[in-house]
Structures are given as structure tokens and as C-alpha cells.
Asker: 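The structure under discussion is supplied below as C-alpha cells; questions concerning it will follow.
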Amino acid sequence: MTVTDPLGTTAPAPPAAPTGSLTPVFVTLKLALLRNGLRQSAGRRAAYISSIVFTLLFAALQLLGLVLLRGHDHAAALVTVLTAVLALGWAVVPLFFPGGDETLDPTRLVMLPLRPAPLIVALLVSSLIGIGPLFTLTLAAGSAVALAHGAAAAVAGVLAVALNLLVCVALARAVATANIRLLTSRKGRDLALLSGLFVAVGLQFVNVGWQQLSGENGLAVLEPAADVLRWVPPAAAVDAVQGVSEGAYAVAAAQFALTAGALALLLWWWQRSLTQLMTTPDASTLQADAPGRETGRRDADGPLGRLLPAGRTGVVMLQTFRYAVRNPKTKASWATSLAIGLLLPVITSLQGNGSIYSACWAPGLLGMLMYNQFGQDTSAFWMVAQTISSRRDAYLELRGRALALGVVALPYVTVAVIVAAAFMDRWDAAPETLGLGLALVGALVATGALASAQFPYSIPQDSGYKNVAPGQAGLAWISIFGGMIAGALLSAPVLGLTIWMHLSGAHELLWLVLPVGAVYGAVVAEAGLRLAAPRTLARLPEILAAVSKG
């Protein structure tokens, strides 16, 4: 076909715009991304292949285990809970690992002339390619085999597998799309640093769950949870297979309808978020200062600064709190210490072998934040070093950092002890435990101040997974573990007093451990700060060189 222009010349007509489906294009792109990613380096290729092998092996063993559960009285409870936990994982993993899959970022598509509806279909189909969908498919298939008895149940099982896989993938996509601007911002990268905490806490609950399943009741302990989760998609679709096997067709139909409705709702949410993302300007396209907007500068210190002491001590405390909120590495350390310190007494209590003294993990983990105080400043420590010209300057610098930790430690340790006493019903031992905890905080503040001056090391800021610069691992080990041993020895007098009162039968006097521990911790901390001040002043050049390596 030819066209004639106004001058009378003819030329071939331009090719028509493609009107085919987007799905093959996006599937091809997903495969190309995987292929090109593997070509980048042999290490990445080996890691990907080993992850595939490990996933396939684990999935095969899981499939075999579910098949062997076929006919078990509590098989439905197990697969229902497993499906719900897996769906929870699909929902939260994009929040903690936004960089794990480049295709999760729909902002790469905003400049393309694509309509949301066909784009959703193409993204959904291409998202079914990967290790995660393969593992989910295996779990769903094994669950269906474990529950399906009869031809009708087999058909229901196929439907349940499809719904389970689609709901999980759509859930991950919808969550990632709704939060993509947060996840790709600095705050999102800070959130990703907390993934280690998420994994650590999750593993502890998995450990508790495994111990419960290994008890006398076995899988029967899952029945109460399964009774609730059987109406939560996509676990509802899996439980519907059991309903079809038992002839409860009406209940199974309702569960299938609930899961299908949840899938439709997720797709609607995903499409709405995608449309808003592709049509709404972000902060980079808006004027920094719109007309009529108030441009008055806030008080630099804010309300917190007005509550802190005047002088250098208050300034240092405010700096420490700001690091805890704004610096990704410092924020991750604070969040990990605070969360794990509170969870450990709860977890040990659930395991049945807990002691109220496990609440001392809270002051122990929090006190460790006093170590390597100058390393968290990295190369910016030279600005602090310029203001330290005397022992008093060094003392006030260390005291401000210690007081910031103490302001958090006092209420936090109290709450940790109260939580442990409530879970273990040991209110009688709460005062002595709190006294031990406060003494431990003081001892760790003292040894942390000394270790910060004697064994400083750099904390790399360009990696979310490295906390020690290359070549300084020995310094870090000496600082942390040597300080822990020294802190334990410093708090030994209060521990010895507590043990002596127990052995001598003076139980009515155990409450005295609380004031003794509080006073002892304050005295030891003050002594440690005064000993560390002249050492800090004398070693300023070495400290600056060590913390600037990263």
C-alpha cells in the first residue's frame, strides 16, 4: 500500500502500530532480564543456579511430605496454616527486599503508552516466572494432593492451586506498586536494612512453632488457627478442597467465591495504584516551593531539643537521637536491639523453658549500642574532633552519648522486665531483675566508652550488609566480645549479691537489689566515662583515621 503526499509523490505507508497482546512481550522481557542478569558474572550465575537447586530440592521434599500426609486427620489444618503463612510472606517480602526483582518497579513503565488493564494482565503472567512462583506452585499442588479425595475434589484442587498462585502473585505486585515510591526512596532503603530483624524474628517464631508441633498434640495444635484462617484467602481455597472431599459443597463454593473475590479486589487495587502512579507527578516534578506555601524555617532543634540540657551535653544527645532516626545503619542497630530484647523473654516463655532473668537480654543488647560510638560518625567525626581540645570536652562528648542511651534504657528495661514478669507470672522477681538490668546497662556504658576510644572501627555506609570495614574485623571482635566480658565482670557484684540473698534465704530483702543495681550502674558508668575521656583525647588522631577507613 502506498500514500500520496500533497506534492504528488508516492511513498510506502508507515507500518501500523502493533495491536497484539502485551503478554508475550512482557514474558519475553522477563526471560531476557533473567538471561542478561546471569551473564553479568559467574558469581551471580552460580548463586542463581544454586538457589534454584536448593529451592527445587526443598520444594520436592515438601511435596513428598504433603503427599504422605494424605488421609491424616489434621492435614487440612496444616496446609491451611502453611498457605496463609506463605501468602503473608508474599505480602511483606517486597517491603523488605524491593531490589530483589527489577520487574517489581512499575515506574520504569510510566513513559510508555500502555493502558492499565492489559498491562496488569501482562505483568501478572510474567510474574509467574521465577523461583518464588515455582515454590508456591509446588506447595499448592502438594496441599491439593493431601486433601483431594475423589474426582470432584481433584477438579477443586486444580482450581485451588490456580487461585492460590494468582492471589499470592497479585498480592505481592499490589503491595509493591502501592508502596514503590516509598521503597525506592531513602526511607525505603532504610526499611530494607531492617530485613535482618524481620528474618531473625521470623525464625524465632518458626522455632517456637516447630517445638509446638513436636509436642504431644502434634498437628492438633494448629486446629484453632486453621478454624480462623480457613476463611482468609488464599487459604480458603485450599480448605475448600477438603470441603469438597467431605461433600460440603456449599461451604466449599463460598470459600472459592471468597478467594476469587479477593483476587478481583487485589487486581482492582493493583490497577488503581498503577494508574495513580503513572498519572500523578512525584516530588521530582513539582516545584520545591509552591506559591503561597509557608517557607518559614522551623526551630532547628524542635521540641526534643528544648527538653534536653543546655550546652554540649544536650547537643550531643540530640545528635545521637537524630542518628538513631536518620542514619540507616544506626537506625537498624537500634531497631534490632530494641525489638529482639523485648521478644526474647516472650519467645523463651512460649518455648516453656523461660526465666524472668531472660529480660536481661534487653539491657544487654541495648548497652551494646554504646560500643564504637565514634565509628557511627564515619568520616564526619573530624568535625567532632575539632571541638575536643581538653579532657572535659571529651568527657562531655561521651557523657552526652551515654545519657541519650540512658534516657531510652531506663523506661525500655523497665518495660522489658514487666513484659517478662507478666508472661512468666514472676512479679515477685521483677525488682531484682530490674536492678540487675540497670547494673548491666551501667557496666556496658562504662566498657563501651573505653572500647570506643581504644578499639574504634569504621562502619561502611555503601552496603546494607557490612558493618565493619575490610581489615578491621579483628578490632570489632575485640571491642564487642572483650567489652561484653568486661561488662559481665563489672556487673558481677550485683549478681553476686542477688545470688547470696537467694542462698541465704533473705528473700524478703531481694527488693533491695533494685536501688543497689540502679546506684551501682550509675556509679560504674560515670567512672567509665571519666576513665575513657583522657584516653579519647590522647587517641583522637588514631580514632579519626580508624573511623574514616570506610
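Just so it is clear, the structure is predicted and the values come from calculations on it, not from any experiment.
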Asker: Please answer whether the main-chain N or O of Tyr457 pairs with a side-chain N or O of Asn372 as donor and acceptor at a distance below 3.5 Å.
Answerer: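 Confirmed, Asn372 side chain pairs with Tyr457 backbone.
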
Asker: May I have the list of side-chain donor-acceptor pairs in residues 415-430 shorter than 3.5 Å, sequence neighbours left out?
Answerer:
| residue | atom | partner | partner atom | Å |
| --- | --- | --- | --- | --- |
| Arg426 | NE | Asp428 | OD1 | 3.2 |

Asker: Rounded to the nearest 0.5 Å, how far apart are CD of Gln376 and OG of Ser452?
Answerer: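 Reported to 0.5 Å precision, the distance equals 8.5 Å.
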
Asker: Roughly how far, to the nearest 0.5 Å, is CD1 of Ile543 from CZ of Arg535?
Answerer: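 CD1 of Ile543 is found 10.0 Å from CZ of Arg535.
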
Asker: Taking the side chain as C-beta and beyond, is there a heavy-atom pair between Leu342 and Tyr412 under 4.5 Å?
Answerer: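 Answer yes - side chains close enough.
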
Asker: Out of the candidates Phe455, Phe381, Trp382, only one should pair with Phe374 under the ring pair (Phe, Tyr, Trp, His ring centres under 6.0 Å) rule; please name it.
Answerer: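 Per the ring pair (Phe, Tyr, Trp, His ring centres under 6.0 Å) rule, the option paired with Phe374 is Phe381, out of Phe455, Phe381, Trp382.
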
Asker: Heavy-atom distance under 4.5 Å between the side chains of Gln319 and Asp377, does that happen here?
Answerer: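 Yes; the side chains approach each other to less than 4.5 Å.
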
Asker: The test is side chain to side chain contact (heavy atoms under 4.5 Å, CB included); show your working for Leu134 and Leu56 and say whether it passes.
Answerer: CA-CA 8 Å; Leu134 177 62; Leu56 289 176; 3.2 Å; yes

Asker: Leu229 versus Val81: any side-chain heavy-atom pair under 4.5 Å?
Answerer: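 Yes, side chains in contact.
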
Asker: With side chains defined as the heavy atoms from C-beta onward, is the minimum distance between Arg173 and Ser127 less than 4.5 Å?
Answerer: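 With C-beta onward as the side chain, the pair touches.
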
Asker: When rounded to the nearest 0.5 angstrom, what is the spacing between CG in Leu434 and SG in Cys360?
Answerer: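 Going from the CG atom of Leu434 to the SG atom of Cys360 covers 9.0 Å.
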
Asker: Hey, could you give me the CZ/CG distance between Arg391 and Leu396, rounded to the nearest 0.5 Å?
Answerer: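 With rounding to 0.5 Å, CZ (Arg391) is 14.0 Å from CG (Leu396).
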
Asker: Heavy atoms only: give me the nearest Leu398-Met370 pair and the separation to one decimal.
Answerer: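 Closest approach of Leu398 to Met370, heavy atoms only: O-CE, 4.1 Å.
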
Asker: Got a sec: does the CH2 of Trp334 have more than 12 other heavy atoms crowding it under 6.0 Å?
Answerer: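 Atom CH2 in Trp334 is packed in, count exceeds 12.
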
Asker: Can Leu405 and Leu366 be said to form a side chain to side chain contact (heavy atoms under 4.5 Å, CB included), step by step?
Answerer: CA-CA 8 Å; Leu405 186 67; Leu366 188 63; 3.9 Å; yes

Asker: Under 4.5 Å between any side-chain heavy atoms of Leu139 and Gln62, yes or no?
Answerer: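 The answer is yes; the side chains approach within 4.5 Å.
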
Asker: Minimum heavy-atom separation for Ala532 and Ala453, please, with both atom names.
Answerer: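 Minimum heavy-atom contact is O-CB, 4.3 Å.
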
Asker: Would you say that Leu510 contacts Pro431 through its side chain, given a criterion of any heavy-atom pair below 4.5 Å between the two side chains?
Answerer: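 With C-beta onward as the side chain, the pair stays apart.
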
Asker: Can you give me the closest heavy-atom contact between Gly400 and Met317, atom names plus distance?
Answerer: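 Heavy atoms only, the tightest pair is O-CG, 3.1 Å.
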
Asker: Under 3.5 Å, which donor-acceptor pairs do the side chains of residues 87-95 form with other protein atoms, sequence neighbours left out?
Answerer:
| residue | atom | partner | partner atom | Å |
| --- | --- | --- | --- | --- |
| Trp90 | NE1 | Thr136 | OG1 | 2.8 |

Asker: In terms of heavy-atom contacts, does CH2 of Trp269 have more than 12 from other residues, nucleotides or ligands at under 6.0 Å?
Answerer: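 It does: Trp269 CH2 has more than 12 such atoms within range.
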
Asker: Yes or no on side chain to side chain contact (heavy atoms under 4.5 Å, CB included) for Val524 and Val445, after CA distance, side-chain angles and deciding distance?
Answerer: CA-CA 8 Å; Val524 168; Val445 166; over 6 Å; no

Asker: Show the numbers, then the answer: is there a side chain to side chain contact (heavy atoms under 4.5 Å, CB included) between Trp361 and Ser358?
Answerer: CA-CA 6 Å; Trp361 277 104; Ser358 62; 4.3 Å; yes

Asker: What closest approach, in Å, do Thr414 and Leu410 show between heavy atoms, and which atom pair accounts for it?
Answerer: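 What the structure gives for the nearest pair is OG1-O, 2.7 Å.
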
Asker: For Arg539, is the CZ atom crowded, meaning more than 12 foreign heavy atoms sit under 6.0 Å from it?
Answerer: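 Yes.
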
Asker: Report, one line per pair, each donor and acceptor closer than 3.5 Å where one atom sits in a side chain of residues 483-500; sequence neighbours left out.
Answerer:
| residue | atom | partner | partner atom | Å |
| --- | --- | --- | --- | --- |
| Ser491 | OG | Gly487 | O | 3.1 |
| Ser491 | OG | Ala488 | O | 3.1 |
| Thr498 | OG1 | Val494 | O | 2.9 |

Asker: Considering residues at least two apart in sequence or located in another chain, which fulfil the salt bridge (Lys or Arg N to Asp or Glu O under 4.0 Å) criterion with Glu397?
Answerer: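 Only Arg312, Arg401 meet the salt bridge (Lys or Arg N to Asp or Glu O under 4.0 Å) criterion with Glu397.
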
Asker: Got Leu369 and Leu444 here, is their nearest side-chain heavy-atom distance under 4.5 Å?
Answerer: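 The answer is no, as the side chains (C-beta and beyond) never meet within the 4.5 Å cut-off.
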
Asker: Could you list the residues that satisfy side-chain contact (heavy atoms from CB on, under 4.5 Å) with Val523, not counting sequence neighbours?
Answerer: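 Here the qualifying residues are Val519.
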
Asker: Show the nearest heavy-atom pair for residues Val441 and Pro363, with the distance to one decimal.
Answerer: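 Closest approach of Val441 to Pro363: CG2-CB, 3.3 Å.
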
Asker: For the atom pair CD1 (Ile52) and CD1 (Ile131), what is the distance rounded to the nearest 0.5 Å?
Answerer: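 Rounded to the nearest 0.5 Å, the CD1-CD1 separation comes out at 4.5 Å.
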
Asker: Donor-acceptor check, side chain of Ser458 to backbone of Val547, threshold 3.5 angstrom: yes or no?
Answerer: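 Yes, the answer is positive, given that a donor and an acceptor are paired below the 3.5 Å cut-off.
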
Asker: Suppose we screen for ring-ring contact (aromatic ring centres under 6.0 Å, His included). Which residues come up paired with Phe58, at least two apart in sequence or across chains?
Answerer: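 Phe58 satisfies ring-ring contact (aromatic ring centres under 6.0 Å, His included) with Phe135 only.
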
Asker: Looking just at side-chain N and O atoms, do Thr447 and Tyr371 make a donor-acceptor pair shorter than 3.5 Å?
Answerer: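 Present: a donor and an acceptor within the cut-off.
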
Asker: Do you know the tightest heavy-atom contact between Met501 and Leu509?
Answerer: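 Closest approach of Met501 to Leu509, heavy atoms only: SD-O, 3.5 Å.
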
